[in-house]
Amino acid sequence: MKVLVPVKRVIDYNIKPRVKADGTGVETAGVKMSMNPFDEIAVEEAVRLKEKGVVTEIVAISIGEPKAQDTLRTAMAMGADRSILVETDAVTEPLAVAKVLKALVEKEKPDLVILGKQAIDDDMNATGQMLAGLLGWPQGTFASKVEITDGKAMVTREIDGGLQTVALTLPAIVTADLRLNEPRYASLPNIMKARKKPMEKITPAEVDVDMTPRLSIVSVAEPTGRKAGIKVDSAAELVAKLRNEAKVI
Ligand code: AMP
């Protein structure tokens with residue numbers, strides 16, 4: 001069974017993003033970049049399925065700048081067998097990414113694609129769903145558990161009221177939520193081994209996808225700062241302030 005895992009290079013989740021002075025976006029020059037955290041979870045899940053003997057091959061895919069190679073090497077150090085870099089300087093919006101992934105699915109013929117539920121840079125939460133739509137495949141989004149049995153993926157999903165389990169007939173799309181697993185750190189020997197694993201490089205044009213953005217960003221601004229709080233001495237004082245100053249009761 002073959003699994004594709006799309007991994008996006010984003011600003012590291014520990015970094016506080018800075019908005020560019022002209023308000024056109026977020027500064028990425030000289031900023032630490034890493035694999036999108038939900039994609040680490042997706043890679044980990046694929047590797048665990050391989051360790052269980054369910055999966056035989058894991059292919060990591062990234063669409064982006066040449067530096068996305070680092071993200072693919074990390075995926076391979078975690079356990080992916082090979083990778084494909086779809087090189088572009090364009091902004092990667094979900095529909096264009098989903099179209100590239102569809103073309104690669106048609107070429108690679110995987111049984112499962114595991115994506116992150118969302119990329120933490122643009123918070124779109126759309127690519128997995130769009131890919132399922134374009135392929136006409138079943139989807140299990142926000143997965144907190146995945147089990148493969150008898151040609152089906154049993155996916156437990158985190159929904160408002162609790163946990164829902166759906167049975168997807170393979171091939172299928174799964175998107176990983178936070179509690180699916182805890183991704184491993186790549187060990188030094190595995191980082192060294194990953195350098196020798198194959199990385200194919202293609203362009204969006206080779207799979208006939210136009211990356212021209214469909215969305216135009218009107219402006220990007222920092223969130224407004226919060227005012228400092230104060231301590232009150234009694235419940236009566238709190239009620240008075242809520243009534244007379246905040247005017248919320
Ligand atoms: P999004 O819909 O942008 O929130 O992204 C959801 C998921 O789609 C991510 O967690 C990745 O698995 C995948 N994805 C989105 N953009 C890219 C990209 N440029 N390269 C590889 N995977 C991507």
Side-chain angles (χ1 to χ4, degrees), residues 3-13 17 25-26 28 33-47 58-76 78 80 82-105 107-108 110 112-135 137 139-144 146 155 157-158 172-181 183 199-204 206-207 209-215 217:
V3 181
L4 301 191
V5 187
V7 292
K8 189 175 187 187
R9 180 173 178 265
V10 297
I11 293 183
D12 187 275
Y13 75 97
V26 168
T28 52
M33 307 290 281
S34 301
M35 188 190 301
N36 180 43
F38 293 106
D39 303 353
E40 286 184 349
I41 297 173
V43 174
E44 176 67 32
E45 196 61 20
V47 174
I58 304 169
V59 185
I61 300 170
S62 197
I63 299 128
E65 294 170 54
K67 284 214 163 142
Q69 285 184 45
D70 300 348
T71 312
L72 290 172
R73 292 277 169 221
T74 305
M76 292 192 287
M78 288 174 73
R82 60 185 175 91
S83 61
I84 304 171
L85 172 66
V86 186
E87 221 176 290
T88 175
D89 289 333
V91 176
T92 57
E93 288 181 358
L95 185 58
V97 170
K99 286 181 181 173
V100 170
L101 294 175
K102 177 178 184 264
L104 293 176
V105 163
K107 182 166 166 258
E108 295 282 342
L112 194 63
V113 183
I114 313 181
L115 304 93
K117 74 162 180 182
Q118 76 193 56
I120 61 164
D121 49 3
D122 298 326
D123 280 345
M124 292 288 192
N125 179 4
T127 309
Q129 295 87 330
M130 286 182 173
L131 179 61
L134 291 175
L135 289 166
W137 284 12
Q139 57 183 307
T141 49
F142 309 101
S144 60
V146 177
V155 177
R157 312 182 53 237
E158 297 193 353
I173 306 290
V174 169
T175 72
D177 210 332
L178 197 60
R179 276 166 288 275
L180 181 58
N181 59 49
M199 184 186 295
E200 188 187 338
K201 289 181 192 166
I202 61 164
T203 62
E206 283 171 61
V207 287
V209 176
D210 176 6
M211 298 297 292
T212 312
R214 291 167 171 255
L215 306 173
I217 294 173

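Both counts, for ligands and for their atoms, begin at 1 and track the order of listing. FYI, the numbering just counts along the sequence from 1.
- Note that the CD atom of Glu44 and the CG atom of Asn181 stand 5.0 Å from one another [nearest 0.5 Å].
- Remark: ligand 1 and Gly116 share an N or O pair separated by less than 3.5 Å (distance only, no angle test).
- Counting the atoms of ligand 1 from 1 in the order shown, those under 4.0 Å from a heavy atom of Met124 are 1 (P), 2 (O), 3 (O), 4 (O).
- Of the listed options Ile84, Ile63, Ile61, Ile63 places a heavy atom closest to atom 19 (N) of ligand 1.
- By the 4.0 Å heavy-atom criterion, Ala126 is counted among the residues contacting ligand 1.
- The shortest contact between atom 12 (O) of ligand 1 and any protein heavy atom is with Pro6 O, 2.9 Å.
- Judged by distance alone, the side chain of Arg157 and the main-chain N or O of Phe142 form no donor-acceptor pair under 3.5 Å.
- Considering every non-hydrogen atom in both Ala143 and Val174, the closest pair reads CB-CG1, 3.7 Å.
- In terms of protein heavy atoms, atom 16 (N) of ligand 1 is closest to Lys8 CD, 3.5 Å.
- In this structure, the separation between CD on Glu87 and CD on Glu206 is 10.0 Å, given to the nearest 0.5 Å.
- The pair Glu158-Arg179 meets the salt-bridge criterion, since a charged nitrogen lies less than 4.0 angstrom from a carboxylate oxygen.
- Counting atoms of ligand 1 from 1 in the listed order, those under 4.0 Å from a heavy atom of Val7 are 20 (N), 21 (C), 22 (N).
- When hydrogens are left out, the protein atom nearest atom 10 (O) of ligand 1 is Asp39 OD1, 2.4 Å; that is the closest non-hydrogen contact.
- Within the listing of ligand 1, atoms 8 (O), 12 (O), 13 (C) sit less than 4.0 angstrom from a heavy atom of Leu115.
- Residue-ligand proximity: Asp122 is placed with every non-hydrogen atom at 4.0 Å or more from ligand 1.
- Applying the salt bridge (Lys or Arg N to Asp or Glu O under 4.0 Å) criterion to Lys8, with sequence neighbours excluded, gives Asp121, Asp122.
- The distance from ligand 1 to the heavy atoms of Ala119 drops below 4.0 Å at these ligand atoms: 1 (P), 3 (O), 4 (O), 5 (O), 6 (C).
- The Thr92 neighbourhood of ligand 1 comprises atoms 19 (N), with distances under 4.0 Å to a heavy atom of that residue.
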Expected list for residues 123-132: side-chain donor-acceptor pairs under 3.5 angstrom, two or more places apart:
residue	atom	partner	partner atom	Å
Asp123	OD1	Gln118	NE2	2.8
Asn125	OD1	Gln129	NE2	2.9
Gln129	NE2	Asn125	O	3.4

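- Ile63 places a side-chain heavy atom less than 4.5 Å from the side chain of Leu101.
- Close approach to Asn125 involves these atoms of ligand 1, each under 4.0 Å from a residue heavy atom: 1 (P), 2 (O), 4 (O).
- Not one N or O of Asp123 is nearer than 3.5 Å to an N or O of ligand 1, by distance alone.
- Using a 4.0 Å cut-off between charged side-chain N and carboxylate O, Glu108 and Arg82 make a salt bridge.
- Taking all atoms of both residues into account, the shortest heavy-atom contact from Val43 to Ala75 is CG1-O, 3.9 Å.
- The protein heavy-atom contact nearest to atom 15 (C) of ligand 1 is Thr127 OG1, 3.7 Å.
- Among all protein heavy atoms, the one lying closest to atom 14 (N) of ligand 1 is Val97 CG1, 4.2 Å.
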